[in-house]
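In what follows, a structure is listed as structure tokens, so that the remarks can point back to it.
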Amino acid sequence: MKFAWKIFFTSFIILILSFGIGGFVLVDSVFQTSLNNTVKTSCDNNSYITSSFYAVVTNAEVVADNETYINSVINNFKNQVSLNNSTSKITVGKSSDMNFYDEYSFINELKTGNRGWKIISDEDKHYVQVVSRLKIGEKDFYIETLSNISNIYADRDYYCNVYQTVLVCVVLFSSFVLVIFSLCITRPLVRLSNVSKQIAQGDFSIRADIKKGTMSTQEIYQLSQNFNKMADCTEDYIEQLKQEAQSRDDFVADFTHELKTPLTSVIGYADMLRSYELDAQQRRDCADYIYKEGKRLEALSINLLNIIVLKNNKIKLQPMITDIIFSEIENSVKFLLEKYGLTLKIQIEQATIAVEPSMFKTMIYNIVDNACKASESGQTIEIHGFKNSDKYRITIRDSGRGIPKEEIEKITRPFYMVDKSRSRSQGGAGLGLALCQETARLHGTELVFESKIGKGTKVSFDIKLFEG
């Protein structure tokens, strides 16, 4: 059963039961109050008549044995009282003279001086029968007042009929209102259900409508907001999975390609050595090509292993004085500068930084190596270092070819090369910056690249200052 109909039927049953039971309890309460008041009045009336009769008959006790006289007194009393009690029927005499008398009547159980009453229904009429028992001399007298209370029952039936009519109207009206209420309150949930169904079918861009005024309650509005946040997180996660899958495919493709190129050369030159009669120089050339491509494969495997190790590694940072470590870096890159015909300019502020010396120097070396490969002979590579709050900012700048804006986010991916042919001719495999980014991550930072085509590239990152 749909939630809207559950709300409707639950609310409807509660409303009808409450209204119905409450109404009939109210009508019955009014009826019982009227009935009790009438019975009390009848009993009081019977008590008054009984007292009056006792007084009259007591005055006639001197002739109590004269039954004719007693009957005459009784008849005169009944006539006199009847004139004053037109709403009641009065009977005085023996028990068998009472109305609705039978052997099971409560009258037979009355004791002298007692009074009893009973509600009697006769066809469509209702009466209150009140009977008192007196003993005067040796004789028992019963005084009955019979009051017609059919009007009370008629009023009750009338009120019940009116209330039934009102109840039917309430049922019809409340049904209409509850249906609208149930549909309105569950409409946002239906929308959420439809949205979730579309998301389940693969449309992760759709969101629930959470404009003010469209939600029936604050809770549903909050639920819609949380649902959209969940959808955003799911979409981001799916996108990340797609990117990771694509990166994995690209990695496998690039890795296969990087292996294929040197292996093709190795196989080709080895086949030449095996298949042809070559002179000494030709054999040396073939062996030289095989050696170089083998070293390239060795470097490729070492770099891949380093990336895997770095992703699952933790390092211990040590204090290093910037003057000392950058002096060592300057010495290690001298042959690169001479190879490409470049100049290195270092401007650093002295400080003590927290690094892993070997990995830090390798990272700077790889960044400078990339700067050298992107620069033309005669240009200058600059390294700047200065304190920046509680960090130490290092910037490496070249004036080379630059990197297109759309390529900057990709250059730290393994095997990614902006200019593949030029990189391979310079012995690169696209792993240097990937290693640098992993090293930076282990130092609690990341490489930030800024570049303009024809103007050069700037790489900057922050290193923690050593505390103590």
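Residues take their numbers from the sequence shown, with the count starting at 1.
- In this structure a side-chain-to-backbone donor-acceptor pair under 3.5 Å is present from S18 to I14.
- Ring orientation note: the planes of F326 and F360 are nearly perpendicular, at an angle over 60° on the 30°/60° scale.
- Among the candidates F31, Y158, Y159, the single residue satisfying the ring pair (Phe, Tyr, Trp, His ring centres under 6.0 Å) test with Y153 is F31.
- Formation of a donor-acceptor pair under 3.5 Å by the N36 side chain with backbone atoms of Q32 is found in this model.
- For the pair N161 (side chain) and D157 (backbone), a donor-acceptor distance under 3.5 Å is present.
- Of all heavy-atom pairs between S389 and L465, the closest is O-CD1, 4.0 Å.
- Residues L146 and T91 form no side-chain contact, since every pair of their non-hydrogen atoms from C-beta on lies 4.5 Å or further apart.
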Applying side chain to side chain donor-acceptor pair (under 3.5 Å), run through T395 and S460 and close with a yes or a no. CA-CA 4 Å; T395 303; S460 58; 4.9 Å; no
For Q129 and N99, what are the C-alpha separation, side-chain angles and deciding distance, and is it a side chain to side chain donor-acceptor pair (under 3.5 Å)? CA-CA 8 Å; Q129 182 186 37; N99 292 281; over 6 Å; no
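- Contact of the C233 side chain with the Y237 side chain is not registered, since no non-hydrogen atoms from C-beta on lie closer than 4.5 Å.
- Between F100 and Y127, a ring centre-to-centre spacing shorter than 6.0 Å is recorded.
- Formation of a donor-acceptor pair under 3.5 Å by the T445 side chain with backbone atoms of D462 is found in this model.
- Of all heavy-atom pairs spanning I463 and A354, the tightest one is CG2-O, 3.7 Å.
- Nearest heavy atom pair, residue L317 against residue E356, reads CD2-N, 3.9 Å.
- Considering CD of E349 and CD of Q347, their distance stands at 12.0 Å, rounded to 0.5 Å.
- The side-chain hydrogen bond (donor to acceptor under 3.5 Å, both in side chains) test with N46 is passed by exactly one of S132, S147, S51: S132.
- Taking CG of N388 as the reference point, atom CZ of R393 lies at 5.0 Å (rounded to 0.5 Å).
- Residues E446 and Q437 come closest through the heavy atom pair CA-OE1, 3.6 Å.
- Within the 6.0 Å centre-distance limit, the rings of F19 and Y163 are counted as a close aromatic pair.
- None of D44, V130, I119 except one satisfies the side chain to side chain contact (heavy atoms under 4.5 Å, CB included) rule with V39; the exception is I119.
- Within the 4.5 Å cutoff, the side chain of V131 has heavy atoms near those of the F106 side chain.
- At least one donor-acceptor pair under 3.5 Å links the side chain of D97 to the backbone N or O of K94.
- Considering NZ of K387 and CD1 of I353, their distance stands at 11.5 Å, rounded to 0.5 Å.
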